[in-house]
Amino acid sequence: MAKSIPRSGSRRTGRVGSRKSARRIPKGVIHVQASFNNTIVTVTDVRGRVISWSSAGTCGFRGTRRGTPFAAQTAAGNAIRAVTDQGMQRAEVMIKGPGLGRDAALRAIRRSGILLSFVRDVTPMPHNGCRPPKKRRV
C-alpha cells in the first residue's frame with residue numbers, strides 16, 4: 001500500500017471561526033439583474049467575490065409578484081443590510097436587464113446610506129446578432 005503524503009495546510013490546522021464575519025469590506029460592487037420575472041441583487045467585493053445576495057424569490061415573493069418594484073426594493077434592502085454590518089461604505093452599482101425592479105432597487109440602494117461612486121448600465125445589447133424570436137400574437 002502506498003504511503004500517504006501529509007498535506008500542508010489541511011483543514012484541521014488553521015482557522016477557528018467564520019471568515020465571513022471577520023472580513024471588513026470598505027468598498028464593493030452591487031450588481032442588480034432585473035428581468036421581467038425576478039430581480040436578483042448581488043453584492044461583491046472589488047475582486048468579484050460574492051459577499052451577499054438576495055432575490056425577490058428568496059424574500060418570499062412568488063409568481064407574478066416577484067417582478068414588481070416592491071419586491072426588488074425588498075431584495076436590495078436584504079442584500080445591503082448584510083454588508084453594511086461588515087463595514088461597507090462605498091459601492092459601485094451595475095444594473096442589467098429591462099425589468100420593473102431597476103429603479104426601485106437603485107432607490108433602495110441610495111436610501112441605505114452607502115455612497116455610490118457610479119451607476120452603470122451593463123445591459124447586453126446585440127450589434128445585430130441573432131435573429132429575434134417571432135412576435136407574439138395575443
Side-chain angles (χ1 to χ4, degrees):
M1 189 162 146
K3 206 190 309 184
S4 66
I5 301 167
R7 289 192 325 218
S8 63
S10 65
R11 288 187 186 189
R12 279 183 234 106
T13 64
R15 300 183 305 266
V16 176
S18 174
R19 266 184 61 197
K20 283 201 174 186
S21 62
R23 261 192 287 175
R24 304 294 292 172
I25 301 109
K27 189 169 194 269
V29 184
I30 302 170
H31 301 269
V32 179
Q33 186 191 358
S35 67
F36 290 117
N37 297 323
N38 202 355
T39 302
I40 302 169
V41 181
T42 309
V43 184
T44 66
D45 59 3
V46 288
R47 291 179 58 185
R49 295 178 297 193
V50 175
I51 302 161
S52 166
W53 70 275
S54 182
S55 71
T58 58
C59 292
F61 296 95
R62 284 284 170 247
T64 56
R65 288 196 294 273
R66 281 191 312 193
T68 60
F70 178 69
Q73 179 182 332
T74 309
N78 283 0
I80 289 172
R81 197 173 303 123
V83 295
T84 51
D85 298 339
Q86 295 182 12
M88 183 180 284
Q89 292 126 7
R90 303 184 66 80
E92 306 165 357
V93 180
M94 309 279 199
I95 299 180
K96 181 192 285 189
L100 295 171
R102 292 167 54 105
D103 301 328
L106 183 59
R107 216 172 293 127
I109 292 166
R110 283 227 169 95
R111 202 179 303 129
S112 69
I114 292 178
L115 295 172
L116 302 182
S117 51
F118 63 83
V119 179
R120 181 178 290 167
D121 187 9
V122 291
T123 304
M125 297 295 282
H127 300 287
N128 276 356
C130 302
R131 181 177 174 140
K134 63 182 181 184
K135 295 285 184 252
R136 286 182 62 202
R137 291 192 289 260
V138 181

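Count residues from 1 along the sequence.
Taking OG1 from Thr58 and CG from Asn38, the interatomic distance works out to 8.0 Å, rounded to the nearest 0.5 Å. Atom CD1 of Ile30 and atom OG1 of Thr44 lie 9.0 Å apart (nearest 0.5 Å).
Cluster partners of Ile40, using a side-chain heavy-atom cutoff of under 4.5 Å among ILVMFWY residues and allowing indirect links: none.
A ring-ring contact (aromatic ring centres under 6.0 Å, His included) check over residues 43-93, counting only residues at least two apart or in different chains, returns the pairs Phe61-Phe70. Residues in residues 25-35 take part in these side-chain hydrogen bond (donor to acceptor under 3.5 Å, both in side chains) pairs, two or more places apart or across chains: Lys27-Glu92. Contacts classified as salt bridge (Lys or Arg N to Asp or Glu O under 4.0 Å) and involving residues 29-46 (residues at least two apart or in different chains) are given here: Asp45-Arg49. The side-chain hydrogen bond (donor to acceptor under 3.5 Å, both in side chains) analysis of residues 65-80, with sequence neighbours excluded, yields the pairs Asn78-Arg81.
In this structure, Leu100 and Pro69 approach most closely via the heavy-atom pair O-CG, 4.0 Å. When every heavy atom of Ala56 is checked against every heavy atom of Ala75, the shortest pair comes out as N-CB, 3.8 Å.
The backbone N or O of Gly97 sits less than 3.5 Å from a side-chain atom of Arg102, completing a donor-acceptor pair. Looking at Ser52, its side chain does come within 3.5 Å of a backbone N or O of Ala79 through a donor-acceptor pair. The backbone N or O of Ile80 lies less than 3.5 Å from a partner atom in the side chain of Thr84, making a donor-acceptor pair.
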- Candidate pair Val83 and Ile25, rule side chain to side chain contact (heavy atoms under 4.5 Å, CB included), full reasoning: CA-CA 8 Å; Val83 295; Ile25 301 109; over 6 Å; no
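Counting only heavy atoms from C-beta outward, the side chains of Val43 and Val50 never approach each other to under 4.5 Å. Pro124 is listed as a side-chain neighbour of Lys96, based on a closest heavy-atom distance under 4.5 Å. In this structure, the side chains of Val29 and Met94 come closer than 4.5 Å at one or more pairs of heavy atoms.
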Without placing hydrogens or testing angles, list every side-chain donor-acceptor pair under 3.5 Å for residues 103-116, not counting sequence neighbours.
from, atom 1, to, atom 2, distance (Å)
Ser112, OG, Ile109, O, 2.6

